[in-house]
J.: 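Here it is, the structure, as structure tokens.
Each chain gets a letter, A, B and so on, in the order its sequence line appears, and its residues count up from 1.
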Amino acid sequence: MNILTKVAVIGLVLTTAACTRPDRFGAGAGDGVNTGSIAPIDPNAAMTGANDPKSPLYFNQTIGDRVLFQVDTSTLTDQGKAILNGQASWLQTNSDYLAIIEGHADEQGTREYNIGLGFRRANAVREYLVSQGVPANRLRVTSYGKERPIQVCSAESCYAQNRRAVTVISIASLS
Amino acid sequence: MLKRLMVVMLAVLLGGSAMAQSGPLRLTITDGVIEPLPYALPTFQAENTEATQVANDLSRLVAKDLSGTGLFREIPSSAFISQNSAFTQSVAYPDWRAINAQALITGAVTVSGNQLIVKFRLFDVFSGAEMGGGLQFAGTVDGWRRMGHKVADAVYSRITGEGGYFDSRVVYVAESGPKDQRQKRLAVMDYDGANVQFLTDSAALVLAPRFSPTGDRVLYTSFESGFPRINILDVASVGRRQLTTAPGEMAFSPRFSRDGSQVIYSLANGGNTDIYRSDLNSGAAIRLTEAPSIETAPSLSPDGSQIVFESDRSGTQQLYIMSANGGDARRISFGDGRYGTPVWSPRGDLIAFTKQNAGRFHIGVMRTDGSEERLLTASFLDEGPTWSPNGRVLMFMRETQGAVGTSSLYSVDISGRNLQPVAINGGASDPSWGPLQP
């Protein structure tokens with residue numbers, strides 16, 4: 001989740017910088033717009049924010065960056081496949097982005113096995129995305145096993161959220 | 001930095017030629033119920049005033065080591081008849097027999113400047129004889145704990161006939177922060193939780209450190225790059241390097257070979273995880289398993305000829321043994337539930353493991369053919385046993401449940417007795433017990 005957040009934040013910072021850079025359209029408000037001051041930028045309204053279909057934030061929030069798994073399995077559910085179909089089409093449209101697929105497990109299991117299980121889950125997502133036309137060389141997998149839970153209770157309601165594979169859009173461009 | 005200890009045999013003191021009446025003092029460690037052996041440990045004599053504090057602290061540490069095994073019970077000094085226990089004085093055996101002390105430990109401590117000398121003797125009270133010669137340890141004052149552990153190791157060893165484990169260190173993962181933002185860093189400590197020293201900062205997630213056979217290096221898994229990779233760290237300099245450098249290679253669960261020249265580990269390729277062996281000098285790697293399942297947590301037998309590991313090739317995690325060169329594996333775990341994290345005992349006779357069954361975790365041991373399975377613990381999450389140098393005790397991680405769940409280290413005898421927490425400040429996980437120090 002950290003990487004994910006970081007990418008989103010970097011996106012926003014870049015956006016803000018581009019929109020407020022004073023010499024972009026001449027000094028101050030000299031671009032003809034008759035407002036006396038620069039209005040604060042609403043991140044959600046920014047074109048690289050969640051409303052921009054080309055933004056990683058849109059990918060994360062609207063398409064959905066994660067799929068969930070049943071206990072000790074790496075089988076994609078129909079719901080998961082629907083999300084991955086959206087991910088595949090986004091990745092094909094936005095071909096400058098790479099993606100790292102992170103596999104995760106809940107805390108019911110030993111450390112090493114859960115790393116292996118996370119790899120299985122991440123790979124299941126990777127293979128599905130490739131089958132939907134995403135070039136394999138734009139996708140990498142990793143596994144955090146049970147090391148990065150997003151929900152902390154010791155109950156199925158939390159475990160279900162932690163058994164996940166998250167597609168993290170990387171800002172690194174291929175070109 | 002560790003202080004080098006010098007061990008010298010004292011010139012044979014006194015005759016100690018009294019004949020044993022009923023055989024020499026010997027505590028045989030068995031799986032049956034043990035009545036702890038009562039011993040007396042008068043505070044070691046301070047041979048000069050500078051030594052008073054150390055003599056007192058060191059005596060308490062020796063007693064803590066011995067009584068902490070559950071095999072020995074200290075007789076409180078308030079029960080002593082003979083209060084005068086000058087180191088060179090002949091032992092008043094009747095006084096010690098009267099309070100049923102079976103063993104008597106006496107000692108003397110000298111401090112001069114930064115130098116510390118500890119002498120001790122062990123007596124078999126009912127035989128009326130000294131056990132072994134006197135021993136003397138010399139070192140620096142700040143190394144007093146190690147000298148105390150060495151005294152306790154010598155006593156333990158002489159009475160049980162087995163090697164000790166007190167003068168040893170454990171490398172582990174020190175944990176802090178909430179469960180969803182857990183910070184982890186490598187640390188080493190004495191076996192009893194003292195002298196914690198951090199080996200890494202918490203900038204990158206680190207897991208499962210493993211000591212080399214001599215305790216000079218540590219293998220561990222690091223997520224510094226966002227992908228699991230194996231690092232090797234020199235304990236003295238804290239210098240480290242990445243073990244495998246092939247691009248895209250993701251490796252974890254490393255362990256040293258018994259001679260410290262090779263590493264066995266898991267390597268993930270896509271969704272598949274297999275076991276490999278790699279030479280630390282040349283970097284040459286050999287693949288040992290080729291199955292579409294998860295093969296991980298390899299551990300070598302003491303003679304280096306076999307590897308025990310876990311695999312879910314049958315559908316659930318189970319334990320298997322194969323040749324150190326790979327090939328066919330035979331399954332050894334057949335009970336209910338799942339088995340993982342196998343570790344071969346230093347004696348070669350047992351495999352310690354983590355078992356999950358019916359929503360509980362256990363630490364257990366079984367023979368290498370899978371027979372005589374014994375579960376030693378049970379809790380919400382017990383995981384990752386590591387053997388004491390003498391193969392008598394297991395240390396492992398116990399995690400409590402829920403949002404505020406934390407990890408800590410525990411130890412338990414392989415008999416299942418004497419379960420106790422290791423006193424460490426803060427969270428701790430993934431212990432790896434190093435060798436008895438020279």
J.: Examine whether an atom of B:Ser266 lies under 4.5 Å from a heavy atom of chain A, and if so say whether it belongs to the side chain, the backbone or both; otherwise answer neither.
T.: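 For B:Ser266, no heavy atom lies under 4.5 Å from chain A.
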J.: Where on B:Phe227 is there a heavy atom nearer than 4.5 Å to chain A: the side chain, the backbone, both, or neither?
T.: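 When you check distances to chain A, atoms from both the backbone and side chain of B:Phe227 fall under 4.5 Å.
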J.: Mark yes or no: A:Arg138 above the aromatic ring of A:Tyr97, with NZ or CZ under 6.0 Å from the six-membered ring centre and no more than 45 degrees from the axis.
T.: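 Checked: cation-pi criterion not met.
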J.: Using non-hydrogen atoms only, which part of A:Ser143 is less than 4.5 Å away from chain B: side chain, backbone, both, or neither?
T.: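 Only the backbone of A:Ser143 comes within 4.5 Å of chain B.
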J.: Just checking, is any N or O donor in the side chain of B:Thr354 or B:Thr341 under 3.5 Å from an acceptor N or O on the other one?
T.: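 Their side chains do contain a donor-acceptor pair, which is all the 3.5 Å distance test asks for.
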J.: If you count heavy-atom pairs under 4.5 Å between each of A:Asp72, A:Leu117, A:Asn162 and chain B, which one has the most?
T.: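 Answer, by heavy-atom pair count under 4.5 Å with chain B: A:Asp72.
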J.: If you measure only the distance, is there a donor-acceptor pair under 3.5 Å linking the side chains of B:Asn231 and B:Tyr220?
T.: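 A donor-acceptor contact under 3.5 Å links the two side chains.
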J.: Tell me, side chain or backbone of B:Glu399 under 4.5 Å from chain A's heavy atoms, or both, or neither?
T.: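 Answer is side chain: those atoms of B:Glu399 sit under 4.5 Å from chain A.
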J.: Answer with yes or no after comparing the ring centroid distance for A:Tyr144 and B:Phe223 against a 6.0 Å cut-off, counting only values under it.
T.: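 Yes; B:Phe223 has its ring centre under 6.0 Å from that of A:Tyr144.
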J.: Answer with side chain, backbone, both or neither: which region of A:Arg126 has an atom nearer than 4.5 Å to a non-hydrogen atom of chain B?
T.: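 Neither part, no heavy atoms under 4.5 Å.
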J.: Side chain, backbone, both or neither: which part of A:Glu127 has an atom under 4.5 Å from a heavy atom of chain B?
T.: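 Neither; nothing under 4.5 Å.
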J.: Can you name the one residue among B:Glu373, B:His362, B:Gln356, B:Gln317 that meets side-chain hydrogen bond (donor to acceptor under 3.5 Å, both in side chains) with B:Tyr339?
T.: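 One option only clears the test, and that one is B:Glu373.
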J.: Is it the side chain or the backbone of B:Asn272 that comes within 4.5 Å of chain A heavy atoms, both, or neither?
T.: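 Neither the backbone nor the side chain of B:Asn272 comes within 4.5 Å of chain A.
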J.: Can you tell which part of B:Ser293 gets under 4.5 Å to a heavy atom of chain A, answering side chain, backbone, both or neither?
T.: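 The answer is both parts of B:Ser293.
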J.: Hey, what do you get for CG (B:Asp180) to CD1 (A:Ile150), rounding to the nearest 0.5 Å?
T.: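 Atom-to-atom, B:Asp180:CG and A:Ile150:CD1 are 9.5 Å apart.
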J.: Could you check which of B:Leu381, B:Thr273, B:Asp312 has the highest count of heavy-atom pairs closer than 4.5 Å to chain A?
T.: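 Winner by heavy-atom pair count: B:Asp312.
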J.: For a quick test of reading the model, state the closest non-hydrogen atom pair linking A:His104 to A:Arg121 and the distance between them.
T.: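 Looking at all heavy atoms of both residues, the shortest contact is O-NH1, 2.9 Å.
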